[in-house]
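Take a look at the structure set out below.
The figures here come from the full heavy-atom set of this structure, side chains too, leaving out hydrogens, waters and symmetry mates. By convention here, the first residue in the shown sequence is residue 1.
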Amino acid sequence: MKTKRIIYFLLIILGVLIMGAGENYMEKEYALCIGIVLLMFGIYKSTQVWSDRNDGEATNNKDQS
């Protein structure tokens, strides 16, 4: 479970780095496109992990009451 969080965090960081410094290695438009895709994918997947965890905690709290 923790490895997924690390991978998604690394995707976010990689997306930001490509957006910022990618124009040194490729055309600026391609760097921005690839960076935004990686950034948005990392954010999307990490919010799914957080919402799954919060749903599980809410279910456990209802069962205990």
Side-chain angles (χ1 to χ4, degrees):
M1 191 69 156
K2 287 186 179 184
T3 56
K4 287 183 182 179
R5 291 185 202 168
I6 293 170
I7 291 170
Y8 300 145
F9 181 72
L10 290 175
L11 281 175
I12 293 170
I13 297 298
L14 183 64
V16 169
L17 289 174
I18 289 175
M19 285 175 59
E23 62 188 37
N24 295 334
Y25 303 108
M26 62 183 90
E27 290 186 35
K28 184 177 180 179
E29 292 81 13
Y30 294 134
L32 289 175
C33 289
I34 293 169
I36 288 173
V37 168
L38 290 175
L39 179 67
M40 295 305 286
F41 183 74
I43 291 171
Y44 173 72
K45 295 300 277 185
S46 61
T47 55
Q48 281 188 334
V49 169
W50 293 333
S51 67
D52 289 344
R53 186 181 69 184
N54 290 338
D55 288 343
E57 289 175 0
T59 305
N60 289 338
N61 289 339
K62 287 181 183 179
D63 292 340
Q64 292 176 357
S65 297

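Taking CG of Leu38 as the start and CE of Met19 as the end, the distance is 10.5 Å to the nearest 0.5 Å. The CG atom of Leu11 sits 9.5 Å away from the CD1 atom of Ile18 when rounded to the nearest 0.5 Å. Atom OH in Tyr8 sits 10.0 Å away from atom OH in Tyr44 (nearest 0.5 Å). Atoms CG and CD, on Leu32 and Glu27 in that order, are 11.5 Å from each other to the nearest 0.5 Å. Rounding to the nearest 0.5 Å gives a distance of 12.0 Å between NZ of Lys28 and SG of Cys33. How far CD1 of Ile43 is from CD1 of Ile36: 10.5 Å, rounded to the nearest 0.5 Å.
Around atom CE of Met40, no more than 12 heavy atoms belonging to other residues, nucleotides or ligands sit under 6.0 Å away.
Side-chain heavy-atom separations under 4.5 angstrom define the hydrophobic clusters, and Tyr25 shares its cluster with no other residue. Taking Ile, Leu, Val, Met, Phe, Trp and Tyr as hydrophobic and joining them when side-chain heavy atoms fall under 4.5 Å apart, one finds Phe9 in a cluster with Ile13, Leu17.
Placement of Ile34 and Val16 in two distinct hydrophobic clusters is found when ILVMFWY residues are connected by side-chain heavy-atom separations under 4.5 Å, directly or transitively. Phe41 and Val49 fall within the same hydrophobic cluster, where Ile, Leu, Val, Met, Phe, Trp and Tyr residues are linked whenever their side-chain heavy atoms come under 4.5 Å apart, directly or through other members.
Under the side chain to side chain donor-acceptor pair (under 3.5 Å) criterion, Tyr30 pairs with no residue at all, not counting sequence neighbours.
Smallest separation of non-hydrogen atoms from Ala31 and Glu23: CB-N, 3.9 Å.
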Requested in this report: Would you sort out whether Lys45 and Ile7 count as a side-chain contact (heavy atoms from CB on, under 4.5 Å), showing the intermediate values?
Outcome: CA-CA 10 Å; Lys45 295 300 277 185; Ile7 291 170; over 6 Å; no
